[in-house]
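To keep things clear, I will list the structure first and then write my remarks on it.
Per chain, numbering begins at 1; letters A, B, ... match sequence-line order. This structure is a prediction, so every number in the text was calculated from the model and none was measured.
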Amino acid sequence: MTKFQQKVYGALKRIPRGRVTTYGLLAKEVGCGSARAVGQALKHNPDAPTVPCHRVIRSDLTLGGYSGSESGADIRRKVRLLKQEGVAFEGGRLANPKQLFRFGA
DNA sequence: ACATGTTCCTTAC
DNA sequence: GTAAGGAACATGT
């Protein structure tokens, strides 16, 4: 567990239910500025239920990836979880961009 | 829309 | 210590 991961997970847990964030915003929040580093931290997710990585999507409002795959049953589960929290996806994209959560906003 | 470059962190040799 | 990889973003063609 590195400090970077702690920061990423901390910020991730700060995301309220029914909202989602993007790799870019999350990266900016943790102070790295690089979404790829965040993706690495998320894919290493030591505690999946403690770290709602499914609440993190791409800046393109697409799902991006999940469990190391950009498509598959994992992605479907991700959408399902988000939908369960009130975040609907349409056409593989976030139906409501206003549900994007910005840190400090 | 597709291809290329950039940026930061983690892991492997 | 050096090299390669990754759930991305931005820019150019």
Side-chain angles (χ1 to χ4, degrees):
Chain A
M1 180 68 92
T2 68
K3 282 183 112 145
F4 179 71
Q5 285 193 348
Q6 288 186 29
K7 275 205 263 192
V8 174
Y9 301 146
L12 200 50
K13 286 194 287 194
R14 285 217 304 269
I15 302 174
R17 180 178 153 298
R19 295 260 179 95
V20 284
T21 193
T22 71
Y23 291 96
L25 287 170
L26 189 57
K28 210 166 71 157
E29 172 61 21
V30 299
C32 295
S34 58
R36 303 188 75 161
V38 175
Q40 281 305 337
L42 291 188
K43 97 167 185 185
H44 290 160
N45 73 348
D47 289 299
T50 334
V51 180
C53 15
H54 62 267
R55 279 188 198 158
V56 185
I57 63 174
R58 251 174 103 151
S59 62
D60 196 36
L61 299 189
T62 52
L63 289 164
Y66 194 61
S67 296
S69 301
E70 56 179 276
S71 343
D74 298 309
I75 293 286
R76 217 169 67 80
R77 190 147 32 76
K78 176 173 177 176
V79 181
R80 195 187 212 156
L81 281 167
L82 288 170
K83 194 172 187 175
Q84 189 179 10
E85 295 190 351
V87 185
F89 274 79
E90 187 66 40
R93 281 195 207 191
L94 184 64
N96 241 339
K98 40 197 294 284
Q99 291 191 304
L100 234 181
F101 173 73
R102 288 195 179 188
F103 295 96

For [X] and [Y], indicate whether the former's side chain and the latter's backbone hold a donor-acceptor pair under 3.5 Å.
X       : Y       : value
A:Lys78 : A:Gly65 : yes
A:Glu85 : A:Val20 : no
A:Tyr9  : A:Ala41 : yes

**Same apolar cluster (I L V M F W Y, side chains within < 4.5 Å links), A:Leu100/A:Leu12** = no
Taking atom [atom2] of [N] as reference, at what distance in whole Å does atom [atom1] of [X] sit?
X        : N      : atom1 : atom2 : value
A:Phe4   : B:dT10 : CZ    : C1'   : 10 Å
A:Leu100 : C:dC9  : CG    : C1'   : 15 Å
A:Leu25  : C:dA10 : CG    : C1'   : 15 Å
A:Leu42  : C:dC9  : CG    : P     : 12 Å
A:Lys28  : C:dA8  : NZ    : P     : 19 Å
A:Lys3   : B:dC8  : NZ    : C1'   : 17 Å
A:His54  : C:dA7  : NE2   : P     : 19 Å
A:Glu29  : B:dC8  : CD    : P     : 17 Å

**Request:** Can you figure out which of C:dG5, B:dC8, C:dC9 approaches the side chain of A:Gln40 most closely?
**Result:** C:dG5
**Closest nucleotide among C:dG6, B:dT10, C:dC9 to the A:Tyr23 side chain** = C:dC9
Using a heavy-atom cut-off of 4.0 Å across all strands, would you classify [X] as base, sugar-phosphate, or nothing?
X       : value
A:Glu70 : nothing
A:Ala37 : base
A:Thr2  : sugar-phosphate

**Message:** Strictly below 4.0 Å: does A:Arg36 bring a side-chain N or O up to OP1 or OP2 of B:dT7?
**Reply:** no
**Asked** Between C:dA8 and A:Ser34, is there an OP1 or OP2 to side-chain N/O distance shorter than 4.0 Å?
**Response** no
**Prompt:** Does the pair A:Phe89 and A:Leu61 meet the rule for a side-chain contact (heavy atoms from CB on, under 4.5 Å), with working shown?
**Reply:** CA-CA 9 Å; A:Phe89 274 79; A:Leu61 299 189; over 6 Å; no
**Asked** Which nucleotide, in any strand shown, forms a Watson-Crick or G-U wobble pair with C:dC9, with both distances under 3.5 Å?
**Response** B:dG5
